[in-house]
Amino acid sequence: MEARIDAAARVLLSRLPRGKVGDGAVEFLVFGLKQAWACLFGGLMLGMIIITRLWWPEIGVNRYDLWFLAAIAIQVGMVLFKLETLDEVRVILIFHLVGTGMELFKTSVGSWIYPDDALFRIGGVPLFSGFMYACVGSYMARIQRIFDITFTRYPPVWMTVIVALGIYVNFFTHHYFYDFRWLLFAAVVVLYGRSFMHYRVFRFRHRMPMLVALFIWIAENIGTWSRAWIYPSQADGWSLVSWEKLGSWYLLMLISVVLVTLVHQPRQYSKDGVLLN
């Protein structure tokens, strides 16, 4: 698929007037297509959630249970058709376990709820929810390969692991003690403030700062609108997810980045080639 996207882009490029506008438009189009390809797992899950929110026949099956079974089928299919490697599946499994653990705690303290019935569940947590975290894991692992991601000034992995553990623990302990998220944000800025991510789209390599979770916030709004899960403030009717959640999802995304680096060692960017840290 990635080769086909590149081939189609070359054909389009040959038919356009050469210049910054045409070259930039093709590069942006390829970026969007490859991002969509990297989001295959998450896109299929969100598409299924939206469709069943708009139309759900009474067939004697709970939506949550259908999502769980469909998520298993999607995951198996992606492995069988070699859309994911076994290393990427390992990353996804870690995300699934980490996310399910958080779900069990957060629902128990009322941070959010799952309003529909489900047969496949643990306590108040339907088992499909772990796959929502797995979607993030799938995306993070796939973009490493699809965009050939490298870094400049990536911090020592052991330091990032300590900060990620602090973030994860704070998601639990802030219900009982002081919320240390602002200290964690400061730690993230110190660690990643000078770090850049380099990626290849089509013909050129680009870079972006590590300090960037908007798309996850959009997915949160789709999920709550479809009543896949809801926050207490949405019990009487849907409303936009608070912008404060953007910070929480950014910290969760940092955990995602660190988990991926435990499987795929971060590679140092070099103008003359790619060197392993």
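As a basis for the values below, the full set of heavy atoms in this structure was taken, side chains included, without hydrogen atoms, waters or symmetry mates. Numbers for residues simply follow the sequence, beginning at 1.
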Asker: Side chains of Gln75 and Ser138: does their closest heavy-atom pair fall under 4.5 Å?
Answerer: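 They are not in contact (no side-chain heavy atoms under 4.5 Å apart), so the answer is no.
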Asker: Can you name the closest pair of heavy atoms from Gly130 and Thr100 and give their distance?
Answerer: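 Nearest pair, atom of Gly130 first, then Thr100: CA-OG1, 3.6 Å.
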Asker: If you look at every heavy atom in Asp148 and Arg205, which pair is closest and at what distance?
Answerer: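 Looking at all heavy atoms of both residues, the shortest contact is O-NH2, 2.8 Å.
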Asker: Can you tell me how far the NZ atom of Lys106 sits from the CZ atom of Phe172, to the nearest 0.5 Å?
Answerer: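 Answer rounded to 0.5 Å: 7.5 Å.
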Asker: What heavy-atom pair brings Thr107 and Gly124 nearest, and what distance separates the two atoms?
Answerer: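 The answer is CG2-O, 4.4 Å.
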Asker: Please report the C-alpha distance between Leu29 and Leu12 in whole Å, then the side-chain angles of each, then the deciding distance to 0.1 Å, and finally whether the side-chain contact (heavy atoms from CB on, under 4.5 Å) criterion is met.
Answerer: CA-CA 11 Å; Leu29 176 62; Leu12 180 60; 3.9 Å; yes
Asker: Transitively linked via ILVMFWY side-chain contacts under 4.5 Å: Ile255 with Ile162?
Answerer: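 Yes, Ile255 connects to Ile162 through the hydrophobic network.
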Asker: Compute the ring centroids of His96 and Phe131, then answer whether they are less than 6.0 Å apart.
Answerer: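 They qualify: ring centres under 6.0 Å apart.
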Asker: Relative to the ring of Phe120, is the ring of Phe68 parallel (under 30°), tilted (30 to 60°) or perpendicular (over 60°)?
Answerer: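 Rings of Phe68 and Phe120: tilted, 30 to 60°.
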Asker: Tell me if the CG atom of Leu86 is crowded by more than 12 foreign heavy atoms within 6.0 Å.
Answerer: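 Atom CG in Leu86 is not crowded, with 12 or fewer foreign heavy atoms closer than 6.0 Å.
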Asker: Given side-chain contact (heavy atoms from CB on, under 4.5 Å), test Val98 with Tyr133 step by step and report yes or no.
Answerer: CA-CA 8 Å; Val98 168; Tyr133 293 86; over 6 Å; no
Asker: Begin from the C-alpha positions of Phe28 and Val201 and carry the test side-chain contact (heavy atoms from CB on, under 4.5 Å) through to its verdict.
Answerer: CA-CA 8 Å; Phe28 183 74; Val201 176; over 6 Å; no
Asker: Taking the side chain as every heavy atom from C-beta outward, state whether Met197 and Ile143 have any atom pair closer than 4.5 Å.
Answerer: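 SC-SC contact between Met197 and Ile143 ruled out.
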Asker: Could you see if Val157 belongs to whatever hydrophobic cluster contains Leu191? Use Ile, Leu, Val, Met, Phe, Trp, Tyr and a side-chain cutoff under 4.5 Å.
Answerer: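 Same cluster: Val157 reaches Leu191 through Ile, Leu, Val, Met, Phe, Trp or Tyr contacts under 4.5 Å.
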Asker: Once rounded to the nearest 0.5 Å, what's the spacing between atom CG of Leu251 and atom CD1 of Ile167?
Answerer: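 Reported to 0.5 Å precision, the distance equals 4.5 Å.
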Asker: Is the closest side-chain heavy-atom distance between Leu254 and Val188 below 4.5 Å?
Answerer: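 Leu254 vs Val188: side chains touch.
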Asker: Can you tell me how the ring of Phe128 sits relative to the ring of Tyr64, calling it parallel under 30°, perpendicular over 60° and tilted otherwise?
Answerer: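 Tilted: the ring planes of Phe128 and Tyr64 meet at 30° to 60°.
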Asker: So does Arg153 have more than 12 non-hydrogen atoms from other groups sitting under 6.0 Å from CZ?
Answerer: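 Yes - once you tally the heavy atoms of other residues, nucleotides and ligands closer than 6.0 Å, there are more than 12.
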Asker: Start with the C-alpha distance between Thr152 and Arg207, add both sets of side-chain angles, then the distance that settles side chain to side chain donor-acceptor pair (under 3.5 Å), and finish with yes or no.
Answerer: CA-CA 9 Å; Thr152 52; Arg207 74 172 191 167; 5.2 Å; no
Asker: Measuring from atom CZ of Phe147 to atom NE2 of His198, what distance do you get when rounded to the nearest 0.5 angstrom?
Answerer: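 Those atoms lie 15.5 Å apart.
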Asker: Evaluate side-chain contact (heavy atoms from CB on, under 4.5 Å) for Val163 paired with Met159, printing each intermediate quantity in order.
Answerer: CA-CA 6 Å; Val163 172; Met159 290 185 179; 5.8 Å; no
Asker: Below 30° counts as parallel, above 60° as perpendicular, anything between as tilted: where do the rings of Phe31 and Tyr199 land?
Answerer: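 Taking Tyr199 first and then Phe31, their aromatic rings sit tilted (interplane angle of 30° to 60°).
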Asker: For Ile92 versus Gly137, what's the shortest heavy-atom pair and its separation?
Answerer: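 For Ile92 versus Gly137, the nearest heavy atoms are CG1-C, 3.9 Å.
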Asker: Is there side-chain contact between Met78 and Arg142, with heavy atoms separated by less than 4.5 Å?
Answerer: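 A side-chain contact under 4.5 Å exists here.
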Asker: I'd like to know if Met1 and Ile146 are part of one continuous hydrophobic network [Ile/Leu/Val/Met/Phe/Trp/Tyr, side-chain heavy atoms within less than 4.5 Å].
Answerer: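 Same hydrophobic cluster.
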Asker: To the nearest 0.5 Å, tell me how far Thr173 OG1 sits from Phe105 CZ.
Answerer: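 It is 8.0 Å, given to the nearest 0.5 Å.
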Asker: Find the distance between OG (Ser129) and CD1 (Ile122) and round it off to the nearest 0.5 Å.
Answerer: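 These two atoms lie 8.5 Å from each other.
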Asker: Just wondering, do Val257 and Thr160 contact through their side chains at under 4.5 Å, heavy atoms?
Answerer: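 The answer is no, as the side chains (C-beta and beyond) never meet within the 4.5 Å cut-off.
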Asker: When the side chains of residues 39-46 are checked against the rest of the protein, which donor-acceptor pairs come out under 3.5 Å, sequence neighbours left out?
Answerer:
none

Asker: Are any of the side-chain heavy atoms of Tyr154 and Arg267 separated by less than 4.5 Å?
Answerer: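 No, side chains not in contact.
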Asker: Of all heavy-atom pairs between Glu103 and Val125, which one has the smallest distance, and what is that distance?
Answerer: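 That closest heavy-atom pairing would be O-CG2, 3.5 Å.
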Asker: Picking from Lys34, Arg200, Arg145, what satisfies salt bridge (Lys or Arg N to Asp or Glu O under 4.0 Å) with Glu2?
Answerer: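 So the option named by the test is Arg145.
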Asker: Linking I/L/V/M/F/W/Y whenever any side-chain heavy atoms sit under 4.5 Å apart, do Phe171 and Val109 land together?
Answerer: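 Linked, Phe171 and Val109 end up in one cluster.
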Asker: Would you check if Val260 and Tyr139 make a side-chain contact, meaning some heavy-atom pair closer than 4.5 Å?
Answerer: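 Result no, sub-4.5 Å side-chain heavy-atom pair not found.
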Asker: Answer yes or no: is there a side-chain heavy-atom contact under 4.5 Å between Asp116 and Asn62?
Answerer: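 Sidechains of Asn62 and Asp116: no contact.
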Asker: Distance check, rounded to the nearest 0.5 Å: Leu33 atom CG versus Arg4 atom CZ?
Answerer: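 With rounding to 0.5 Å, CG (Leu33) is 13.5 Å from CZ (Arg4).
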Asker: When you group the ILVMFWY residues by side-chain heavy-atom contacts below 4.5 Å and let the links chain together, are Trp158 and Val161 in the same group?
Answerer: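 Yes, one cluster joins them.
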Asker: Considering all heavy atoms of both residues, which atom of Pro266 and which atom of Thr261 are nearest to each other, and what is their separation?
Answerer: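 Nearest pair, atom of Pro266 first, then Thr261: CD-CB, 3.8 Å.
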